[in-house]
Structure formats: C-alpha cells, structure tokens
Amino acid sequence: MIRVLLVDDQPLIRSGFRALLDVEDDIEVVAEAADGSEGLALAREHVPDIAVMDIQMPLVDGIEATRRIAADPALARVHVVILTNYGLDEYVFDALRAGAAGFLVKDIHPEDFLHAVRVAARGDALLAPSITRKLIDRYVTQPPGPVADARLKELTNREREAVVLVARGLSNDQIADRMVISPLTAKTHINRAMTKLHARDRAQLVVFAYESGLVAPRDA
C-alpha cells in the first residue's frame with residue numbers, strides 16, 4: 001500500500017486529489033495539510049511514502065517543508081513530489097536541491113497523476129517534460145563547480161555511466177539493457193553513486209549530473 005500525504009492550502013485541490021487516490025486499491029491518503037508546517041508535523045506522525053506538496057503556501061512554503069523533511073533522518077523514506085504550474089518554474093532548481101523527488105504540474109491528467117505517485121513511491125525521479133527542459137536550460141549558463149568536480153572523481157566509470165543514464169530519464173531495466181548488465185547490478189551502481197554523492201534520491205542524481213557537467217544539455 002502506497003501511503004500519501006497531501007499538502008496544499010487549497011481545499012478543492014486536496015479534495016480532488018483525495019477523490020482520485022481513494023478509489024485505487026494500492027494507494028491510501030493518510031492525511032491532509034493546509035500549509036508546510038502542518039505538513040511537516042503530519043509527515044512525522046504518519047511517515048508516508050509520498051508527500052504531494054504545493055510550493056506556495058502560508059507560514060512554511062513547500063520548498064522549506066521539503067528541506068526540513070529531507071533533513072530529518074526519521075523521514076528518509078518520504079519522497080516529496082512538488083505541485084507546480086508553468087508560471088513557477090523558477091522554483092524547480094531550489095526545490096530539487098532541497099530534496100524533492102520530482103515535480104508535477106497541476107493540470108496533469110488523472111491517469112498520469114496516479115502513474116506518477118507509483119513511480120515516486122519506487123524511488124524513481126519524476127520530472128514533467130516541460131520542467132525538465134527548464135532545468136536543463138538553466139544549466140547551460142552554469143559551469144561545473146569545484147565541489148561537484150571533486151565528488152565526480154569519487155565515482156567509478158560504471159557508476160558515472162549509470163548516473164548519466166539516470167539523468168537521461170532511463171529506468172533501471174533500461175539502464176541494465178544499455179549497460180549490458182542485470183537490473184540488480186544497475187541498481188547497485190546507482191545506489192553506490194547515490195551514497196558517494198550523498199544524494200537522497202534519483203532526482204538529486206539528475207541535479208548532480210548537470211551540476212558537475214557529467215551530462216550536457218545537448219546530451220539530454
């Protein structure tokens with residue numbers, strides 16, 4: 001059972017997502033919150049698999065709430081999926097750095113939303129194509145920093161290859177096919193890379209891949 005926390009200051013948005021999720025046999029909405037502070041408290045109480053989090057909320061916004069969740073070892077299993085719209089793309093980078101597992105736009109189709117919840121629950125990075133494009137475009141003007149370069153040297157060649165493929169949006173099975181290895185070995189390479197880079201999830205591997213120059217925008 002995938003346990004979901006909904007955090008949005010608009011009751012209509014929350015009730016719409018709840019109605020959609022409640023009819024699914026493998027998904028359960030465990031709580032709702034109207035702001036980031038309440039969302040953080042409920043995350044600590046219920047420890048959900050997924051926290052669907054709006055960005056702009058009173059008291060504590062979605063980025064700060066995400067940062068606090070990511071910093072809490074007791075909430076290591078909680079994957080935060082940020083809700084945004086096309087006018088809020090400037091927040092994408094900050095929220096990913098804060099620890100968000102991915103992004104969804106609010107006009108997403110119901111079936112795509114359900115799929116997204118299941119993808120995020122598996123620990124896969126989840127970025128809407130339009131937001132991914134914005135993220136990539138931003139890195140065009142950002143050269144690799146010395147810290148990212150030093151961390152890159154800690155990876156083996158196979159781990160680097162796996163990180164590149166994660167950044168290109170491939171699943172573990174697809175990475176295994178591309179690297180001609182088993183899915184389990186692919187997952188091992190990814191997990192080791194995450195450990196060495198102190199990445200909370202695959203979304204942060206995507207950030208690192210562009211931040212370090214391991215993947216260039218033209219390669220995506």
Please answer whether the main-chain N or O of V47 pairs with a side-chain N or O of R3 as donor and acceptor at a distance below 3.5 Å.
yes
Pair listing, salt bridge (Lys or Arg N to Asp or Glu O under 4.0 Å) test, anchored in residues 174-189, at least two apart
none
Does any part of the side chain of F17, heavy atoms only, come nearer than 4.5 Å to the side chain of V29, both counted from C-beta?
no
Side chain to side chain contact (heavy atoms under 4.5 Å, CB included) involving R192 - partner list, sequence neighbours excluded
E159, T188
Side-chain donor-acceptor pairs of residues 38-45 under 3.5 Å, sequence neighbours excluded:
from, atom 1, to, atom 2, distance (Å)
E38, OE1, A34, N, 3.0
R44, NE, D72, OD2, 3.2

Between I13 and L114, is there shared hydrophobic-cluster membership here, with clusters defined by ILVMFWY side-chain heavy atoms closer than 4.5 Å?
yes
Using atom types as modelled and distance alone, determine if a side-chain donor or acceptor of R18 lies under 3.5 Å from a backbone N or O of E32.
no
Nearest 0.5 Å, what's the CG-CD1 distance between D26 and I2?
5.0 Å
For V117 and L21, work out which heavy atoms get closest and say how close.
CG2-CD2, 4.2 Å
Can you tell me how far CG of L83 sits from CZ of R14, rounded to the nearest 0.5 angstrom?
12.0 Å
What is the minimum heavy-atom distance between V60 and A65, and which atoms define it?
CG1-N, 3.8 Å
Applying salt bridge (charged side-chain N to carboxylate O under 4.0 Å, His left out), name anything that partners D49, two or more places apart in sequence or on another chain.
R77
Starting at CD1 of I175, measure out to CD of E161 and round the result to the nearest 0.5 Å.
9.5 Å
For salt bridge (Lys or Arg N to Asp or Glu O under 4.0 Å), just list the numbers for R160 and E154, CA-CA rounded to whole Å, side-chain angles, deciding distance to a tenth of an Å, and then say yes or no.
CA-CA 9 Å; R160 290 189 189 193; E154 298 180 16; over 6 Å; no
Salt bridge (charged side-chain N to carboxylate O under 4.0 Å, His left out) with R67: which residues, sequence neighbours excluded?
E64
Under the rule for salt bridge (charged side-chain N to carboxylate O under 4.0 Å, His left out), what residues qualify as partners of D173, not counting sequence neighbours?
none
Looking at A121 and I50, what are the two nearest heavy atoms and their distance?
N-CD1, 3.4 Å
For residues M179 and R158, report the shortest heavy-atom separation together with the two atoms involved.
O-NH2, 2.9 Å
Nearest non-hydrogen partners of P11 and D9, listed with the distance:
CD-O, 3.4 Å
Measure the shortest side-chain to side-chain distance between V163 and L155 over non-hydrogen atoms and say whether it is less than 4.5 angstrom.
yes
Between D8 and K106, does any side-chain N to carboxylate O distance fall below 4.0 Å?
yes
K196/T156 under side chain to side chain contact (heavy atoms under 4.5 Å, CB included): CA gap, chis, key distance, verdict:
CA-CA 10 Å; K196 291 179 179 180; T156 67; 3.9 Å; yes
Just verifying a value: how many Å separate M194 CE and F208 CZ, rounded to the nearest 0.5 Å?
13.0 Å
Any chance you could measure S15, atom OG, to D22, atom CG, to the nearest 0.5 Å?
11.0 Å
Give, for atom CG of L205 and atom CG of N191, the distance between the pair rounded to the nearest 0.5 Å.
9.0 Å
Within-4.5 Å side-chain heavy-atom neighbours: I55 and D61
no
Smallest separation among heavy atoms of H79 and A120, with atom names
CD2-O, 3.4 Å
